[in-house]
Amino acid sequence: TQLLEQSPQFLSIQEGENLTVYCNSSSVFSSLQWYRQEPGEGPVLLVTVVTGGEVKKLKRLTFQFGDARKDSSLHITAAQPGDTGLYLCAGGDSGGSNYKLTFGKGTLLTVNP
Amino acid sequence: NAGVTQTPKFRILKIGQSMTLQCTQDMNHNYMYWYRQDPGMGLKLIYYSVGAGITDKGEVPNGYNVSRSTTEDFPLRLELAAPSQTSVYFCASSSLGQGGYGYTFGSGTRLTVV
């Protein structure tokens, strides 16, 4: 069973601060995805990274996939209240069933005005 | 596009009752999934399907059943509701795109069993 550990579990910061959340595993994944979930809604896909060492940017969000494809990070620059939500990482199975995702438990981010 | 549509949004069941959670997608995705989300526990895979007529168990299938008679629909059946099935249920779909299988989720069904 592949497991993903996310840290921190909770993060409360002020508007304008920078932050990084982490997603770690002892397993290799075929891909790593990040989702954001708002209260009462389903998760929404932010990005997919597939190559070890890959870095993707989405406005103020920077995503990195570890060289060994076992970990990932999400960095937010100058956080805004609209960034508030539950951030979930999900790894694609490295075997033949890469359409199946394993989800971490999430990081609950609160950005205070 | 509607994406993934789940009904109902909320439901309260009594112990032992049965119900079906509906899920429909209009993106012609081959892959569909049912997850449950409990506080602090992340998303757990209940059942999944790789195409019409094909279903398989996920991590926590006990107490649930599914069917996939069409590409669009993937209902989840609870036969004898138990308090342990109180949760938020999400249906999702995916297809192989650039970079892998990004999931599209529905907005969820909040189920309480009393």
Side-chain angles (χ1 to χ4, degrees), chain A residues 1-10 21 23-25 29-52 54-56 58 63 65 69 72 85-108, chain B residues 2-10 21 23-25 27 29-51 54-61 74 87-110:
Chain A
T1 302
Q2 296 178 303
L3 295 174
L4 279 167
E5 301 277 349
Q6 287 191 244
S7 62
Q9 188 176 357
F10 301 97
V21 298
C23 178
N24 296 295
S25 177
F29 291 98
S30 60
S31 67
L32 205 295
Q33 302 177 12
W34 285 91
Y35 293 79
R36 180 169 65 211
Q37 184 179 18
E38 298 185 11
E41 298 296 328
V44 175
L45 179 66
L46 295 174
V47 76
T48 301
V49 285
V50 295
T51 305
E54 183 176 3
V55 177
K56 281 192 175 179
L58 184 65
F63 305 86
F65 201 11
R69 292 188 291 133
S72 180
L86 179 68
Y87 287 82
L88 296 161
C89 67
D93 189 276
S94 59
S97 305
N98 56 350
Y99 50 85
K100 288 170 61 179
L101 297 182
T102 297
F103 283 84
K105 294 182 180 180
T107 293
L108 185 60
Chain B
V4 177
T5 302
Q6 288 186 241
T7 57
K9 185 76 171 177
F10 303 94
L21 282 65
C23 176
T24 299
Q25 54 96 3
M27 298 169 286
H29 285 173
N30 286 331
Y31 302 89
M32 296 189 74
Y33 317 83
W34 275 105
Y35 285 86
R36 60 177 288 172
Q37 185 176 39
D38 300 300
M41 298 301 293
L43 289 159
K44 301 291 187 183
L45 181 63
I46 304 171
Y47 270 94
Y48 66 97
S49 170
V50 301
I54 305 170
T55 63
D56 209 346
K57 296 178 181 179
E59 185 180 357
V60 290
F74 190 42
S87 188
V88 181
Y89 292 84
F90 288 100
C91 178
S93 70
S94 72
S95 66
L96 179 59
Q98 187 175 15
Y101 293 86
Y103 285 16
T104 300
F105 283 87
S107 58
T109 295
R110 183 174 294 274

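Naming convention: chains lettered A, B, ... in sequence-line order (proteins, then strands); numbering from 1 in each chain.
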How many angstroms lie between atom CZ of Phe103(A) and atom OH of Tyr35(B), to the nearest 0.5 angstrom? 4.5 Å

Segment of Val4(B) engaging chain A (4.5 angstrom heavy-atom cut-off): neither

At a 4.5 Å cut-off on heavy atoms, which part of Leu45(B) comes close to chain A: side chain, backbone, both, or neither? side chain

Any idea which heavy atoms bring Ser107(B) and Glu41(A) closest together, and the distance? CB-OE1, 3.7 Å

Is it the side chain or the backbone of Lys9(B) that comes within 4.5 Å of chain A heavy atoms, both, or neither? side chain

Taking every non-hydrogen pair under 4.5 Å, which of Phe105(B), Phe90(B), Tyr48(B) racks up the most with chain A? Phe105(B)

Contact class of Gln37(B) relative to chain A, heavy atoms under 4.5 angstrom: side chain

Contacting moiety of Gln37(A), where chain B heavy atoms sit under 4.5 Å: side chain

Measure the spacing between OH of Tyr103(B) and CD of Gln33(A) and express it to the nearest 0.5 Å. 7.5 Å

Separation between NZ of Lys100(A) and OH of Tyr33(B), rounded to the nearest 0.5 Å: 9.5 Å

Region of Leu86(A) that comes under 4.5 Å of a non-hydrogen atom in chain B: side chain

Are any non-hydrogen side-chain atoms of Leu43(B) and Pro43(A) less than 4.5 angstrom apart? yes

